[in-house]
Each structure stands twice: as C-alpha cells, then as structure tokens.
2 protein chains.
Amino acid sequence: MKGYKITPQRQKIVEILGRAGCRLTAREIHQRLRKELPAVSIDTVYRNLHLLSAVGLTHHIQLASGAVYELTTDLSHHHHLYCVDCEKVVCIKYCPDLQGYSEQAGRYGFELVGHTFALQGRCSDCR
Amino acid sequence: MKGYKITPQRQKIVEILGRAGCRLTAREIHQRLRKELPAVSIDTVYRNLHLLSAVGLTHHIQLASGAVYELTTDLSHHHHLYCVDCEKVVCIKYCPDLQGYSEQAGRYGFELVGHTFALQGRCSDCR
DNA sequence: CTGGTAAATAGGAATATTACTATTTAAAAC
DNA sequence: GTTTTAAATAGTAATATTCCTATTTACCAG
C-alpha cells in the first residue's frame with residue numbers, strides 16, 4: 001500500500017500496542033519490542049509511530065508529562081479529553097466544527113490538511 | 001501578583017520576544033538572553049516560557065519541526081493555522097465551539113480547564 | 001530597613017526526540 | 001527465482017526538553 005513496506009518492526013509495534021490494552025510511551029514500546037527484536041533502535045520506534053499515526057493506525061496523545069501512543073481501535077473520528085492531574089484519558093466522539101475547518105483555512109489561501117483538537121480538564125476523582 | 005516573582009530573566013524574555021517581532025525557538029531566546037545575562041540556563045528559558053504561556057502572556061506553537069514561541073500581542077482568544085511545508089503561521093480569530101467544550105467535558109464528569117486547537121494546511125505559495 | 005520565606009535560578013545530569021549515513025530488505029518488475 | 005530500487009533499519013551523534021538540588025533572590029511582614 002502506498003509505497004510503505006510491512007516490516008517485522010512495524011508489525012510488532014502494532015501487535016504490542018494491541019496486546020497492551022492501554023496507552024504506552026515510546027520508551028515502553030521500545031523495551032517490549034526489544035524482547036522480540038533485540039537490536040531494534042529507538043529511532044525506529046519513533047519513526048514508525050509517526051508513520052502509523054499519519055496513516056491513522058495509531059493515535060499520538062500529548063499529555064503534560066509526555067507523549068503516549070495507542071492503537072486505533074475505534075476508527076471513527078474522535079478526539080481526547082484528559083485530566084491535568086491524573087492524566088486519565090477519555091475518547092470523546094466530538095469534533096467541534098469539522099465542516100468549518102476547510103472554510104477557515106480557505107480564507108487565508110490554505111488548503112486544509114489536518115487539525116488538532118483536545119480538551120484538558122479535571123476529572124471527578126481529582127476534584 | 002499570584003505569588004509569581006518578577007525576575008530579570010523573566011522580564012528580558014518578554015522583552016526579547018517583543019523586540020523580535022517574530023516567533024522564536026527556545027534556543028534562539030536562550031542565545032539572545034545570554035547576551036544580557038551570560039549565566040542564564042536553558043532550563044530557565046523553558047520554565048519561564050511555560051509559565052508565561054500558562055498565564056497567557058505568550059503562545060506556544062507546535063510545528064512539525066519543533067516548538068516556537070511568540071509574545072501575545074493580540075489578547076483576544078484565537079488559534080493558529082500553519083503550512084505543513086513552509087511552516088508559515090497565521091493567527092485565526094476562530095474557535096470552533098467554545099460554548100460546547102465545558103458541556104463535553106461535563107459528560108465525563110470533568111471540569112474544563114483548557115483546550116487546544118490548531119489547523120494544518122498548505123499555503124498558496126506551497127501549492 | 002531587616003529578616004523570613006516561598007519562588008526562582010544555575011548547573012549538571014537524565015530523558016526524549018530527531019538527524020545522519022552506510023547497510024539491509026520488502027516488494028515490485030523482470 | 002533473480003534483479004532492481006526505493007523504503008526502512010541500526011547505530012551513532014546531535015538537539016530538545018525536563019529533572020534534581022543546593023543556592024540565590026524578589027517580595028512580604030514587621
């Protein structure tokens with residue numbers, strides 16, 4: 001597909017995220033990946049997480065304490081809400097104005113490529 | 001105010017951003033700041049940029065190639081649109097659904113604290 | 001003005017992330 | 001199956017960002 005190769009490194013990163021059942025940091029993915037491919041470099045992990053996110057297979061979630069990654073299980077478009085204290089993450093099936101983005105970009109002569117959106121809050125446990 | 005101190009480091013970071021008239025990276029700010037305060041550490045730059053952004057005096061703009069910072073000259077709420085090729089940044093006076101965010105957060109028992117939004121596109125020069 | 005105190009700093013160390021390059025490899029073409 | 005080639009990798013180096021701790025300092029109260 002699209003000139004991308006299916007490499008063992010790539011496959012196993014997806015597997016690891018799938019098995020994990022939770023969000024992992026790049027470091028955690030690297031540690032687990034090493035058990036199967038001892039020579040894998042951290043650069044490969046980052047490179048693939050970028051690529052996988054670009055094609056929609058994974059999500060990159062930027063928390064205050066760092067980035068975490070998850071396998072995209074829910075393929076429908078959604079965003080994230082997270083607690084600024086405990087960093088609990090919730091997927092919200094909500095995108096404020098998907099229709100309007102292209103129009104906004106168009107006002108400045110831009111062709112829309114993507115958008116980022118996230119909500120930060122304080123969860124019920126942390127109040 | 002609010003227990004924050006007005007330190008020379010802090011003041012000069014704001015001055016530098018004000019004089020620059022453009023967005024700067026943390027490294028650039030550090031280099032310029034050193035000319036006035038030779039012993040200043042890069043950590044101080046980051047720490048203050050975080051704080052200044054938290055209180056609204058500066059904006060943190062995350063581009064694909066890294067983060068840049070700008071002084072908040074336009075105090076009205078707005079977001080950014082940038083070109084994925086040349087990384088030109090445009091301020092857009094548009095926030096898709098400010099009203100709805102609290103309600104969305106509320107659905108999950110969260111008290112809204114903040115939100116992030118940005119548009120990525122391809123500008124007229126890069127098409 | 002002087003002392004007390006929380007906030008901020010410098011400096012060094014630890015992490016996180018990206019860049020570079022020679023080599024390897026998946027996949028397509030033959 | 002073999003060749004070809006662009007994509008991907010490992011390894012290393014460079015940057016970017018954050019953390020830790022002892023020391024300093026802005027600012028408040030007396």
Side-chain angles (χ1 to χ4, degrees), chain A residues 1-17 23-55 57-70 82 84-85 87 116 120, chain B residues 1-17 23-55 57-70 82 84-85 87 116 120:
Chain A
M1 53 126 114
K2 273 222 244 179
Y4 300 136
K5 295 180 181 177
I6 298 176
T7 65
Q9 290 88 343
R10 209 159 270 180
Q11 285 179 301
K12 287 185 192 304
I13 287 175
V14 172
E15 281 175 31
I16 286 168
L17 280 170
R23 298 162 184 102
L24 300 175
T25 64
R27 161 189 269 274
E28 287 166 341
I29 294 168
H30 185 221
Q31 286 172 341
R32 298 182 189 200
L33 190 52
R34 276 191 167 186
K35 293 180 184 165
E36 308 186 45
L37 299 171
V40 74
S41 73
I42 185 77
D43 178 56
T44 295
V45 174
Y46 280 107
R47 194 168 4 86
N48 283 316
L49 286 172
H50 272 285
L51 179 70
L52 291 169
S53 293
V55 300
L57 281 178
T58 59
H59 287 141
H60 168 120
I61 303 175
Q62 186 63 50
L63 303 175
S65 65
V68 293
Y69 302 85
E70 67 177 4
Y82 70 86
V84 293
D85 288 336
E87 299 202 319
T116 40
Q120 293 94 45
Chain B
M1 56 130 111
K2 272 222 246 178
Y4 299 137
K5 295 181 181 178
I6 299 176
T7 65
Q9 291 89 341
R10 210 159 270 180
Q11 285 179 302
K12 288 185 192 305
I13 288 174
V14 173
E15 281 173 32
I16 286 169
L17 280 171
R23 297 166 185 99
L24 299 174
T25 64
R27 161 189 269 272
E28 287 165 340
I29 294 169
H30 185 222
Q31 286 172 341
R32 298 183 188 199
L33 189 53
R34 275 192 167 185
K35 293 180 184 165
E36 310 185 46
L37 300 171
V40 75
S41 72
I42 185 77
D43 178 56
T44 295
V45 173
Y46 280 107
R47 194 168 3 85
N48 283 316
L49 286 172
H50 272 285
L51 180 69
L52 291 169
S53 293
V55 300
L57 282 177
T58 60
H59 286 142
H60 169 120
I61 303 176
Q62 187 63 49
L63 302 175
S65 66
V68 292
Y69 302 85
E70 68 177 3
Y82 70 88
V84 292
D85 289 337
E87 300 203 319
T116 40
Q120 293 94 46

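Remember, it's a predicted structure, so these values are computed and weren't measured experimentally.
Between B:H30 atom NE2 and C:dT9 atom P the separation is 12 Å, expressed in whole Å. As a whole-Å value, the separation of B:Y4 OH from D:dC28 P is 15 Å. Summarising the geometry, the separation between CD1 on A:I29 and P on C:dT17 is reported as 11 Å, rounded to the nearest angstrom. For A:R47 and D:dG11, the CZ to P distance is 12 Å, given to the nearest whole Å. Atom-to-atom, NZ of A:K5 to C1' of D:dT4 comes out at 11 Å; the value is rounded to the nearest Å. The CD atom of B:Q9 sits 9 Å away from the P atom of D:dT25 (whole-angstrom rounding). Counting to the nearest Å, the P atom of D:dA8 and the CD1 atom of A:I13 are 12 Å from each other. In this structure, the CD atom of A:Q11 is 11 Å from the C1' atom of C:dA26, given to the nearest Å.
Note on B:T7: a side-chain N or O is less than 4.0 Å away from OP1 or OP2 of C:dT9. Phosphate contact (OP1/OP2 of D:dT18, side-chain N/O of B:H50, threshold under 4.0 Å): present.
For A:R10, counting side-chain heavy atoms from C-beta on, the closest listed nucleotide (D:dA16, C:dT17, D:dT9) is D:dT9. Here the nucleotide nearest the side chain of A:Y46, chosen from D:dA8, D:dT18, C:dA16, is C:dA16. For B:R27, the listed nucleotide lying nearest its side chain is D:dT15; candidates were D:dA10, D:dT15, C:dA8.
Every side-chain contact (heavy atoms from CB on, under 4.5 Å) that B:Y69 has, sequence neighbours left out, goes to B:A26, B:I29, B:Y46, B:L49, B:H60, B:A67. Residues passing the side-chain contact (heavy atoms from CB on, under 4.5 Å) test with B:T44 are B:Q9, B:V40, B:S41, B:R47, B:N48, sequence neighbours excluded.
The line from CD1 of B:I61 to CZ of B:R23 is 4.5 Å long, rounded to the nearest 0.5 Å. Here the straight-line distance linking atom CD1 of B:I6 with atom CD of B:Q11 works out to 6.0 Å at 0.5 Å rounding. Expressed to the nearest 0.5 Å, how far CD of A:Q120 lies from CG of A:D85 amounts to 12.5 Å. Note that the CD1 atom of A:I16 and the CZ atom of A:R32 stand 7.5 Å from one another [nearest 0.5 Å]. Atoms CZ and CG, on A:R10 and A:L33 in that order, are 12.5 Å from each other to the nearest 0.5 Å.
In terms of position along DNA chain D, the nucleotide closest to A:P8 lies nearer the 5' end than the nucleotide closest to the other residue of the pair A:P8 and B:H60.
Residues from residues 31-43 of chain B placing a heavy atom under 4.0 Å of any atom in DNA chain C, listed by number, are B:A39, B:V40, B:S41, B:D43.
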